[in-house]
Trainee: 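Would you mind keeping the following structure in view while I ask a few things?
Any value given below was found using the heavy atoms of this structure, including those in side chains, with hydrogens, waters and symmetry copies removed. What you see is a predicted model, and the numbers here were worked out from it, not measured in a lab.
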Amino acid sequence: MADVFAGQLGPGDGPALGAVWATGDRAVCEWAWPPAEDGTVLRGLDVYRVRDGRIVAKDVFGKITS
């Protein structure tokens, strides 16, 4: 499943994908961008709701850490 998400990002540097898991009608993907010049990292996760094999909703939660 991680390969599917990675393919959606396109070329160039992007976030590193972490764990991807699914249960019932929900799928979750963890990610983190490379550190910024000040050392902070944007980390987060995407929560997908799936119905009949299609994504019907997506929520994104992120946090900047040092």
Side-chain angles (χ1 to χ4, degrees):
M1 190 177 231
D3 292 339
V4 173
F5 288 111
Q8 300 298 315
L9 298 174
D13 291 337
L17 297 181
V20 176
W21 67 96
T23 184
D25 66 347
R26 300 287 194 271
V28 177
C29 176
E30 294 179 350
W31 47 264
W33 283 90
E37 289 182 16
D38 64 359
T40 59
V41 176
L42 174 59
R43 300 182 34 187
L45 55 90
D46 296 344
V47 179
Y48 297 86
R49 194 172 80 228
V50 180
R51 184 181 317 128
D52 298 324
R54 295 179 173 250
I55 296 169
V56 296
K58 175 186 173 189
D59 291 308
V60 179
F61 300 91
K63 182 176 187 173
I64 297 174
T65 60
S66 55

Trainee: Provide the closest heavy-atom pair for C29 versus V20 in the form atom of the first, atom of the second, distance.
Mentor: SG-CG2, 3.8 Å

Trainee: Taking C-beta and beyond as the side chain, do V56 and Y48 meet within less than 4.5 Å on heavy atoms?
Mentor: no

Trainee: Got a second to check how far W33's CH2 is from I64's CD1, nearest 0.5 Å?
Mentor: 13.0 Å

Trainee: Between V41 and A32, what is the shortest heavy-atom contact and its length?
Mentor: CG1-CB, 4.2 Å

Trainee: Scan for side-chain hydrogen bond (donor to acceptor under 3.5 Å, both in side chains) pairs involving residues 49-66, sequence neighbours excluded, and state none if there are none.
Mentor: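 Qualifying pairs: none.
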
Trainee: What distance do L45 atom CG and F61 atom CZ have between them, rounded to the nearest 0.5 Å?
Mentor: 7.0 Å

Trainee: Does anything in residues 21-42 form a salt bridge (charged side-chain N to carboxylate O under 4.0 Å, His left out)? List the pairs, not counting sequence neighbours.
Mentor: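 Those involving residues 21-42 do not exist here.
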
Trainee: So which heavy atom on P34 is nearest to which on G14, and how close?
Mentor: CD-O, 3.7 Å

